[in-house]
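Both backbone and side-chain heavy atoms feed into the values below; hydrogens, waters and symmetry mates do not. Counting starts at 1 for both ligands and their atoms, following the listed order. What you see is a predicted model, and the numbers here were worked out from it, not measured in a lab.
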Amino acid sequence: MLESQELKPQNPYEEAVNQLKAAVNFLGLEEYIFEVLKQPERVIQVGIKVKMDNGKVATYLGWRSQHNSALGPYKGGIRFSLNVSVEEVIALSMWMTWKNALAELPYGGGKGGVKVDPSKLSQGELEKLSRNYFRAISEFVGVDKDIPAPDVYTNSQTMAWFFDEYSNKLGYPSFGVVTGKPKVLGGLDIRTISTGLGVAITSKEVASVLLNGIEGKTIAVQGYGNVGYYAAKFLSEMGAKVVAVSDSLGGIYNERGLNPDEVEKTKKERGSVINYSEAKKISNDELLELKVDLLLPCAIEGVINKENARRIKAKVIVEGANGPVTTEADKILWNNGIVVVPDILANSGGVIASHIEWVNNRVGEWLSEEEAQERLKLKIVNSTRKVVDFWKKSNVDMRLAAYSLAVKRVVEAMKIRGWI
Ligand code: GLU
């Protein structure tokens, strides 16, 4: 994991609850609404047995948290990581509720995870783990119930196993039960690029309001997985200058700008961005503290926290990851005039693409990749403008502005359904 992430200062569930509290107060809602939204509707915990290649049986703990379904079936990814805990999964499911509401998708929020280091498993063991986990939660998922997708260390192959396991159980193929599938099973090519593309579009929209445009602006990207790489690539194509990137082994910096594709090639061939020769090596902590126009944390939770927030010099932070800036850091950054574009807006491209895939699967007719990409772009631009317009009027930080719009929508649905 990233060096600075070892700090993991706060429980993400506390973070999520604090953020909800702030939105409930800002909207002037009654206390009981906070109490209702604080709790997930259901959390499923499963013990997953896997017969390993050496013949021994290992047991892993897994969860699926279904936070709120007022606006539609639960929707959100499943991650495989040693950092996974029940608190983390609940927090992430709550963030999905707000993300889906903000993007005006017909979904509630859910998230799942298995506590495992997938790099230690063979492909065969990983397949068994994926199938056994999905079988264990299968009565709680479904095309109109709960629709998982990829997240940290899961991918289209994992989704193919989930889809197959579930379809075997039903006795017929159910394409819409998971999104982020391979294209041959009704997935979309753009699902891979969608979160990074969304981060880039949101950054560009915000830069046009706050920084006089994205052209020539300097960018630092922390985390060079799917989200970080594509965000860097698209921002570079938009005319921005990506000066620094990092992965779990460290970072690189070149004030003249890096070529994101070359860096990606190095990472693929030689294991890490730090092996890229045309740049100076820096640490992850140094990357976060660079004087750049935009800083994009695209790895995991809590990397910008009360320990380092005072040293952040970027003008704008765009949250490619879920929850990379803690509540305490939010306050410090706000006082220092640094704008944080929140995760529920900035990284919503992934779930927006998931929705296009799910609609395709249900209708049984495929949009072309071009049409899908156009639809994705339009949706993200609209969401960003909606949040920025409201934020400019509201005199609070952008997270609170985005949360307020999202919470308001969920509460309206709960009221009209007669839940509250
Ligand atoms: N895991 C992604 C997220 O955190 C995507 C979820 C989805 O597509 O359902 O937004």
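Open room surrounds CZ on R375; 12 or fewer heavy atoms of other groups in view lie less than 6.0 Å from it.
In terms of polar-atom proximity, M96 is not counted as a contact of ligand 1, lacking any N or O under 3.5 Å from an N or O of the ligand. Where the criterion is an N or O separation shorter than 3.5 Å, residue side chain and backbone included, N322 meets it with respect to ligand 1.
Cation-pi contact between K21 and F34: present, with separation from the ring centre below 6.0 Å and deviation from the ring axis of at most 45°.
The proximity of P150 to ligand 1, defined as any non-hydrogen pair under 4.0 Å, is limited to the backbone. Counting heavy atoms under 4.0 Å from ligand 1, residue L92 does not touch it at all.
Among protein heavy atoms, the minimum distance from atom 1 (N) of ligand 1 is reached at D151 OD1, 2.7 Å. When only non-hydrogen protein atoms are considered, atom 5 (C) of ligand 1 lies nearest to R191 NH2, 3.4 Å. The protein heavy-atom contact nearest to atom 9 (O) of ligand 1 is K75 NZ, 2.8 Å. With respect to atom 7 (C) of ligand 1, the closest heavy atom belonging to the protein is A149 CB, 3.3 Å. With respect to atom 4 (O) of ligand 1, the closest heavy atom belonging to the protein is K111 NZ, 2.9 Å. Of all protein heavy atoms, the one closest to atom 8 (O) of ligand 1 is S354 OG, 2.6 Å.
Taking a cutoff of 4.0 Å between a charged side-chain nitrogen and a carboxylate oxygen, K268 and E264 qualify as a salt bridge.
With ligand atoms numbered from 1 in the order given, ligand 1 contributes 3 (C), 4 (O), 10 (O) to contacts under 4.0 Å with heavy atoms of K99.
Taking the six-membered ring for Trp and the full ring otherwise, Y153 and F80 have centroids separated by 6.0 Å or more.
When each of Y166, W358, F162, F163 is paired with F175, the ring pair (Phe, Tyr, Trp, His ring centres under 6.0 Å) condition holds for F163 and for no other. Each of K386, K379, K408 was scored for a salt bridge (charged side-chain N to carboxylate O under 4.0 Å, His left out) with E104, with one residue passing: K386.
Comparing heavy-atom distances from atom 6 (C) of ligand 1 across A103, G110, G350, G77 singles out G77 as nearest.
Although no hydrogens or angles enter the test, the distance criterion places no donor-acceptor pair under 3.5 Å between the side chain of N347 and the main chain of T195.
The distance from the OG atom of S203 to the CG atom of L294 is 5.5 Å, given to the nearest 0.5 Å.
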